Participant: 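Here's a structure for you.
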Amino acid sequence: MSETKYIILDRDGVINVDLFDYVTKSNDFKFETGSLEALKLLTTHNFKIIVATNQACISLGIATQEEIENVNLHMKQKVKEFGSEILHVEVCPHKPEDNCNCRKPKTGLLTSAEEILNINLKGCYFIGDKFSDVQCALNHECIPLLVKTGYGETTLKNHDTSQAKVFENLFSATKFICN
Ligand SMILES: [Mg+2]
Ligand SMILES: [Zn+2]
């Protein structure tokens, strides 16, 4: 039996289509092309999937914590039906001015997952579409992979992303990881 590995994924713009607005209802949650297949590929290759997502909409009063939890439950259910599993979801509910320790690029979501699951995420892959994902990965000594979906193209245009390998989408990133 091969060893368990962990991988961290951003949610919006990576797993599901970023609406460039908040996804507050299950109906608004649309999987990116190939993302369900990507998650299944990771599961097949013994990766345990952890999702780390900034959801400032909670602090902004646009959605309740419960609404966001319901969207995440919907995501986990659909992923399960497809034959994969999301082990754990970490949500930062804060807006930038809240100055929390969990909003990416800070690493509180990762240290929280490490404590809850009693694991170490250093050295793991971290796939995101924003520069804050790349920075968060580097801040926690993870390996950043950037996807062009969601804010990915904008991230490439506006930031020095030379420390991250770039992929079309989650599926091409996972194919790279699993090969
Ligand atoms: Mg994103
Ligand atoms: Zn936070």
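A quick note: this is a predicted structure, and the numbers were derived from the prediction, not measured. Computation of the quantities below employed the complete heavy-atom set of this structure, encompassing side-chain atoms and omitting hydrogens, waters and symmetry-equivalent molecules. Order of listing sets the numbers, starting from 1, for every ligand and every atom in it.
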Participant: Could you measure the distance from the CZ atom of F131 to the CG atom of L146? Nearest 0.5 Å is fine.
Facilitator: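 The distance works out to 9.5 Å.
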Participant: Would you sort out whether K148 and D129 count as a salt bridge (charged side-chain N to carboxylate O under 4.0 Å, His left out), showing the intermediate values?
Facilitator: CA-CA 7 Å; K148 289 187 186 175; D129 67 317; over 6 Å; no
Participant: Keeping to distances under 2.8 Å, can you name the protein N/O/S atoms close to the Mg ion (ligand 1)?
Facilitator: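 You should have found D10 OD2, D12 O, D129 OD1.
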Participant: Would you say H74 and E69 are linked by a side-chain donor-acceptor pair, where the criterion is simply a distance under 3.5 Å?
Facilitator: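 No, no side-chain donor-acceptor pair sits under 3.5 Å.
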Participant: For side chain to side chain contact (heavy atoms under 4.5 Å, CB included), just list the numbers for M75 and N70, CA-CA rounded to whole Å, side-chain angles, deciding distance to a tenth of an Å, and then say yes or no.
Facilitator: CA-CA 9 Å; M75 168 179 70; N70 284 337; over 6 Å; no
Participant: Under the criterion side chain to side chain donor-acceptor pair (under 3.5 Å), I'd like the reasoning laid out for E66 against T64: C-alpha separation, chi angles, the key distance, then a yes or no.
Facilitator: CA-CA 5 Å; E66 195 187 3; T64 63; 5.0 Å; no
Participant: Measure distances from the Zn ion (ligand 2) and count the protein N, O or S atoms below 2.8 Å.
Facilitator: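 N, O or S atoms of the protein closer than 2.8 Å: 4.
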Participant: Rounded to the nearest 0.5 Å, what separates atom OG1 in T53 from atom CD1 in I8?
Facilitator: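 The OG1 atom of T53 sits 13.5 Å away from the CD1 atom of I8.
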Participant: Give the intermediate values and the outcome of side chain to side chain donor-acceptor pair (under 3.5 Å) for residues H159 and Q135.
Facilitator: CA-CA 11 Å; H159 298 278; Q135 289 175 303; over 6 Å; no
Participant: Quiz question: by atom type and distance under 3.5 Å, do the side chains of S59 and D98 form a donor-acceptor pair?
Facilitator: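 D98 and S59 do have a side-chain donor-acceptor pair below 3.5 Å.
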Participant: Is there a donor in the side chain of T24 and an acceptor in the side chain of E67, or the other way round, less than 3.5 Å apart?
Facilitator: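 No, no side-chain donor-acceptor pair sits under 3.5 Å.
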